[in-house]
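Notes to accompany the following structure.
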2 protein chains.
Amino acid sequence: MKATIYDIAKATGVSIATVSKVLNNTGRISEATRKKVLNAIEELGYEKSAIASALAGKNTYTIGFLLPDINNPFFAEVARGAEDAAFERGYSVLICSTDHREEKERSYLKTLRHKRMDGLVIATGTTPRETLEELMDEGVRIVLMSREIPGALIGSVMVDNHRGGQLAAEHLLSLGHRKIGLIMEPLSIGSAHDIFRGFQKAAEGTDAELFVSKETGFGIEAGARLAGEMLARHEVTALFAANDELAVGVLQACRERGIRVPEDLSVVGYDNTILSRIVTPALTTVAQPIYELGRRTVHLLMDGIENENQPKNREVLEPRLIVRESTAPPPIHR
Amino acid sequence: MKATIYDIAKATGVSIATVSKVLNNTGRISEATRKKVLNAIEELGYEKSAIASALAGKNTYTIGFLLPDINNPFFAEVARGAEDAAFERGYSVLICSTDHREEKERSYLKTLRHKRMDGLVIATGTTPRETLEELMDEGVRIVLMSREIPGALIGSVMVDNHRGGQLAAEHLLSLGHRKIGLIMEPLSIGSAHDIFRGFQKAAEGTDAELFVSKETGFGIEAGARLAGEMLARHEVTALFAANDELAVGVLQACRERGIRVPEDLSVVGYDNTILSRIVTPALTTVAQPIYELGRRTVHLLMDGIENENQPKNREVLEPRLIVRESTAPPPIHR
DNA sequence: TTGAAAGCGCTACCAT
DNA sequence: ATGGTAGCGCTTTCAA
């Protein structure tokens, strides 16, 4: 069987208390015995049980990451940033895809509690505030990503999506577009809401007309469908999509209809995921610092865990506009 | 504080042994006490500590998933399949991106052992055989994905990549291509090796000439670079890339050089990740059942865990050719 | 059908 | 500087 502290205590002739001390660098230990113990550990190939350690009151060094779908380029990149940050500091991350389904989220939350995660990062948009507060009351550290809850003292790292929406609008406006369609995610999602408000804000006071898709959605298919409806209904010269997947859908809808991008119609995406780079024409998009978003969120969380307090800071990262091939001035009409 | 079995034992007037039994549905318990206990559990909001349970000899219900990079469309989709399979059966998955770096892999393997994962799926191509055998000797269940180790009794689920390579070659050959370039991943990776052999095999006995990229690589950049070199050196009419990312790079290299796909050059990818669908022209590619690959691997692993034996089965999934827009007959030369 | 008690492997407090 | 020991919360014989 695997060696335990007892084995190494026996082998060294010291007590398990001493072994534990050298293991954790706590208390005072003479150089001599420390050496002895370290040797025995080496010899016996001893490895500390994180489980026992956790049960005895230490951390599990594992954090749970709730996100809508790991198989979504945006969240895959976020997750990578999160994982790297965690790895640097000896933590691991448990990925939980909720598919925007409340019951999956609840179920995951439950397991994460059972498994005594040291902390949680919540990157799904809709966890009820009470749930979060209950969790925090139980001592679970929580950090929100791309979301904040007004008045609740929960640390969060976000991108300034209001600004991001503005950037998109300003770009289109400055190209001369005056009839712009918006393909949105559900506005109940905080980030989508902010993007929308930012966009609106930038158009305010101009003579531009904004048309918002009646329905909302997430993936490529949805983008294509919503763009189709929009195009059938309004004479827009530009379409803004609240994420790159929707924008890719828009591009596909255009192709199907023989609409040239950007000559006939300009398209702007949001996120700057891998998709926006490889599509043709390459998408003009508002870049979120996605990887960094994941990193910072997890660092904030680990800081809280290690200082034994609930993170309360709010970090805001800046978006930036990336102009590629999908935008141009509107076509000249007779 | 959180309630423990002691609390609910006290509240019910039974022993903790009894509580444990109703919790686990073991032993015989009268309906009456079971009800009482269940009630108390409800009232006190009791939740079993997975940590304590694991220490006392049960499973952790957590598995580790070693892969090169979660932020890679292929592995993100695999991970999703894995996560879904795990979720269905009450397991969680710890994502470990190794970046093909041996020391990261070793480091992760160590942590996973400390944390007493119930099992591991190894989807990185290069873990030394001895390491795997050591792990298995320690009682860690392991399943390999897209890889197998001849002679070692390790369960695995793979795609028939030899067949996949053939499919790609046959398609190109049947279109009439006779000078074909191959942009490969390092052949030390089992799947790449199989693809290559399959491709070769299909070309054997025909008058086709194959040119293999001297260097190998992984991402889009590499694909573009290797395609550039290939195109400069050989007069090929088709390029096959061992994964879709490489193929996307090939497409970019073509665009830069004004080479039309598929009119001037046909391009075939491998994997059928999201990338191959959204690129222009849409990529003809060999589809791996990616999501299914993740699912099956994890199910195989969980079966082993629950039957308390190291999985030994070898499952093979079938690839299939998906013809899209990037392939056509070779151009007619004078 | 139920319970007492001995662990699981480690931490931390209190003595020495 | 070192050790004894009481937990941490649960599982699992073995008795009753």
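Keep in mind the model is a prediction, meaning the values are calculated, not measured. Chain letters run A, B, ... following the sequence lines, proteins first, then strands; residues in each count from 1.
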Starting at atom [atom1] of [X], determine the distance to atom [atom2] of [N], rounded to an integer number of angstrom.
X        : N      : atom1 : atom2 : result
B:Ile5   : D:dC8  : CD1   : P     : 12 Å
A:Lys115 : D:dC10 : NZ    : P     : 16 Å
A:Arg116 : C:dC10 : CZ    : C1'   : 16 Å
B:Leu55  : C:dT11 : CG    : P     : 12 Å
A:Lys58  : C:dT11 : NZ    : C1'   : 7 Å
B:Ile51  : C:dG9  : CD1   : P     : 15 Å
A:Lys2   : C:dG9  : NZ    : P     : 10 Å
B:Asn59  : D:dC10 : CG    : P     : 17 Å

- Message: Please give me every residue in residues 22-44 of chain B whose heavy atoms get under 4.0 Å of an atom in DNA chain C, ordered by residue number.
- Response: B:Arg28, B:Ile29, B:Ser30, B:Thr33
Any side-chain N or O of [X] under 4.0 Å from OP1/OP2 of [N]?
X       : N      : answer
B:Lys48 : D:dT11 : yes
A:Ser20 : C:dC10 : no
A:Ser15 : D:dG3  : yes

- Message: For C:dG3, does the base pair up with any side-chain atom of B:Lys21 as donor and acceptor (N or O, under 3.5 Å, distance only)?
- Response: yes
- Item | Check: B:Tyr6 side chain, D:dC8 base, donor-acceptor under 3.5 Å | no
- Can you say whether the rings of A:Tyr108 and B:Phe87 are parallel (under 30°), tilted (30 to 60°) or perpendicular (over 60°)? tilted
- Cut-off 3.5 Å, side chains only: do A:Thr124 and A:Glu105 have a donor facing an acceptor? yes
- Query: Can you tell me if A:Lys115 and A:Thr60 form a side-chain donor-acceptor pair at under 3.5 Å?
  - Reply: no
Look at all strands and tell whether [X] reaches a base, only sugar-phosphate, or nothing, counting heavy atoms closer than 4.0 Å.
X       : result
A:Ile16 : base
A:Ser49 : sugar-phosphate
A:Val14 : sugar-phosphate

- Message: If you apply the rule salt bridge (Lys or Arg N to Asp or Glu O under 4.0 Å), what do you find for A:Asp84 with A:Arg89, and how did you get there?
- Response: CA-CA 9 Å; A:Asp84 286 354; A:Arg89 292 168 65 170; over 6 Å; no
- On the ring face of B:Tyr46, is B:Lys2 found with NZ or CZ under 6.0 Å from the centre and within 45° of the axis? no
- Task: Decide, yes or no, whether a salt bridge links A:Arg295 with A:Glu83 under the criterion of side-chain N to carboxylate O below 4.0 Å.
- Result: no
- Salt bridge present between A:Lys58 and A:Asp118 (N-O < 4.0 angstrom): no
- When you measure from the side chain of B:Ala17, which nucleotide among D:dT12, D:dG3, C:dG9 comes out closest? D:dT12
- Shortest side-chain distance from A:Thr18, nucleotide among C:dC8, C:dG9, D:dG3: D:dG3
- Task: Applying side-chain hydrogen bond (donor to acceptor under 3.5 Å, both in side chains), run through A:Asn307 and A:Arg141 and close with a yes or a no.
- Result: CA-CA 11 Å; A:Asn307 302 327; A:Arg141 314 299 179 195; over 6 Å; no
- Helix axis bend for the helix from C:dT1-D:dA16 to C:dT16-D:dA1 - C1'-based end axes, five pairs, 10° rounding: 40°
- Query: Would you say the ring centroid of A:His114 lies under 6.0 angstrom from that of B:Tyr61?
  - Reply: no
- Message: Please check: side-chain N/O of A:Lys104 versus main-chain N/O of A:Ser97, any donor-acceptor pairing under 3.5 Å?
- Response: yes
